[in-house]
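What follows is a single structure, written as structure tokens, with notes after it.
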Protein chains: 2
Amino acid sequence: MITETDQNYLKETYALQLEHDHVTTSMLADRVGASAATVTGMLKKLAERQWVAYEPYKGVTLTETGRSIALEVVRHHRLLETYLSKALGIPWDKVHDEAERLEHVISEYLESRIDELLDHPAIDPHGSPIPAHDGSIRESARLHLTDVRAGTDCEIVEVSDRDPGLLARLDRLKLHPGTRLQVLGVEPIDGLITLRVATESLVLGSKTASQVIVRIIKESHHGRVQQHH
Amino acid sequence: MITETDQNYLKETYALQLEHDHVTTSMLADRVGASAATVTGMLKKLAERQWVAYEPYKGVTLTETGRSIALEVVRHHRLLETYLSKALGIPWDKVHDEAERLEHVISEYLESRIDELLDHPAIDPHGSPIPAHDGSIRESARLHLTDVRAGTDCEIVEVSDRDPGLLARLDRLKLHPGTRLQVLGVEPIDGLITLRVATESLVLGSKTASQVIVRIIKESHHGRVQQHH
DNA sequence: TTCGAGATTTAGGTAGTCCGAAATCAATAT
DNA sequence: ATATTGATTTCGGACTACCTAAATCTCGAA
Ligand SMILES: [Mn+2]
Ligand SMILES: [Mn+2]
Ligand SMILES: [Mn+2]
Ligand SMILES: [Mn+2]
């Protein structure tokens, strides 16, 4: 039997694998809100069930089975966020926490009703791709706003859905998926980024900018895009 | 902390108190799907937390606190059933199981959004009253179709939401809350009840008829309504 | 190459929910 | 009044998910 806890561990492992090439016990402990000791125990259990490959002291990787369990939960999560936002008019900084609990209890039947009613949406309110029913998902390379050179034109693709405070602020600044912007300058010491959005300019800290994923529309002439990490 | 299990025990105790004047361990065991031994243990815990009054070998009663916890869950359940039915078009024999899981995880915020969108509904798809936000509820006397004399005109008020098979059948027979009917005859041995609904007549067994709650529109001239039990 | 520091695992334990089997109780029939 | 029986509780045990503290491992700095 797959418990809600199993689903959360697998989902967070999936998310961490997208951002890091090595997923550790402590990273997972941080995400699921449990102690490292607890995570070690759970990883042994998940490995026994063949949902992850686990090398003590090394790290953890999802198996194919584990990945599809994770994607099923991610699909629920993102469909629910989209539904709550569009059908119930719930603001985008409140949908995540609600979906976090609902994702584990909706039936496949309800999932498909929601999917139909929304006309099979491809992205959620934060710009994240919604896995298809068959588990396929478009996992494009993720370019963080912190890694964009000055002078570049881009469009926001996705923002992190975890922090309501961040989302409320981005909303006030009119920074949403789809928003066009130009990077005016990057301050090298503190990483402050100056942007032009429509006709206004504004400054973001690197903590905020690192939560924003963009795609480049017109590259700066002065050099190449920096690599993250 | 109130767990999902706590909520289920309290909710079922509430439901049983409406139908019986004495709620026993085995009745609860049957409803929550656990052994009598398990229920005894849980009742001790619930009594310790002052959610029920529990007399070993005697039975169990909700305290005021226990009742309001139960009504909160019942409100979630019935609002969700109504929403799933009206907004998502889910058939009335499928909404119960879905609501059974969702009821424990929706926030007060989502509850109120749903309530607003439905314009503060008073009854759910099965005719059961939805407790108000403040916990008030119209608990009218419940007259079962099995207790109605031949010759009486009535209207269906409520049907049990637990059994999808029953609901599917009632739907096929066009027996819904609001449906008018006349009891043509009651067969004394097997309890078969003959009804006239619109222009057609049909026969129900007592198992089915006992799940239907009615209110009398015009009493038979030949005597009084029988008492249940 | 050795030595820590920090990450991780192991050990020992709690809380919650469940079970079957055995013991006990309460109510009824004799 | 007593025996029987069905309901209920008690007992011993299982399983999951969590914790802290102690032991152990890994890897980079010296
Ligand atoms: Mn979750
Ligand atoms: Mn999202
Ligand atoms: Mn429930
Ligand atoms: Mn109902």
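Chain letters run A, B, ... following the sequence lines, proteins first, then strands; residues in each count from 1.
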Given C:dT8, C:dC19, D:dT9, the nucleotide with the shortest approach to the side chain of B:Tyr54: D:dT9

Of A:Ala37 and A:Met42, the one whose closest DNA chain D nucleotide lies more 5': A:Met42

side-chain N/O A:Lys44 vs C:dT10 OP1/OP2, d < 4.0 Å: yes

A:Leu43 CG to D:dA17 P, straight-line distance once rounded to whole Å: 12 Å

Given C:dT17, C:dG16, C:dT9, the nucleotide with the shortest approach to the side chain of B:Arg49: C:dG16

OP1 or OP2 of C:dA7 under 4.0 Å from side-chain N/O of A:Thr25: no

Separation of atom CG in B:Asp30 from atom P in D:dT8, rounded to whole Å: 12 Å

Criterion side chain to side chain contact (heavy atoms under 4.5 Å, CB included) on A:Leu80 and A:Glu98, from CA distance to verdict: CA-CA 9 Å; A:Leu80 284 162; A:Glu98 202 81 44; over 6 Å; no

N/O donor-acceptor pair under 3.5 Å between B:Thr63 side chain and B:Trp51 backbone: yes

side-chain N/O B:Tyr9 vs C:dC18 OP1/OP2, d < 4.0 Å: yes

Distance in angstrom units between B:Lys45 NZ and C:dA15 C1', rounded: 10 Å

Length of the line joining A:Glu48:CD and D:dC15:P, which is rounded to integer Å: 12 Å

Integer-rounded Å distance: D:dG6 P and B:Tyr57 OH: 17 Å

Touch class at under 4.0 angstrom, heavy-atom based, for A:Ser35 against every strand present: base

Protein-nucleotide distance (A:Gln7, atom CD; D:dA17, atom P), rounded to Å: 11 Å

Distance test, side-chain N/O of A:Thr38 to OP1/OP2 of D:dA17, below 4.0 Å: no

Separation of atom NE2 in A:His22 from atom C1' in C:dA7, rounded to whole Å: 12 Å

Nucleotide of D:dC19, D:dT8, C:dT17 approaching A:Ala34 most closely (side-chain heavy atoms): D:dC19

Minimum-distance nucleotide (side-chain atoms of B:Thr3 versus D:dT9, C:dG16, C:dC18): C:dG16

A:Lys58 NZ - C:dG6 P separation (whole Å): 21 Å

C:dG6 phosphate, OP1 or OP2, under 4.0 Å from A:Ser26 side-chain N/O: no

Quiz item: cation-pi between B:Lys44 and B:Tyr54, 6.0 Å / 45°: no

Heavy atoms from other residues, nucleotides or ligands near NE2 of B:His133 exceed 12 (cutoff 6.0 Å): no

Of A:Val39 and B:Asp6, the one whose closest DNA chain C nucleotide lies more 5': A:Val39

A:His126 and A:Trp92 aromatic ring geometry - parallel, tilted or perpendicular at 30°/60° bounds: parallel

Residue B:Thr24, side-chain heavy atoms: nucleotide from D:dT8, D:dT9, C:dT17 that is nearest: D:dT8

Criterion side chain to side chain donor-acceptor pair (under 3.5 Å) on B:His104 and B:His76, from CA distance to verdict: CA-CA 8 Å; B:His104 307 291; B:His76 287 184; over 6 Å; no

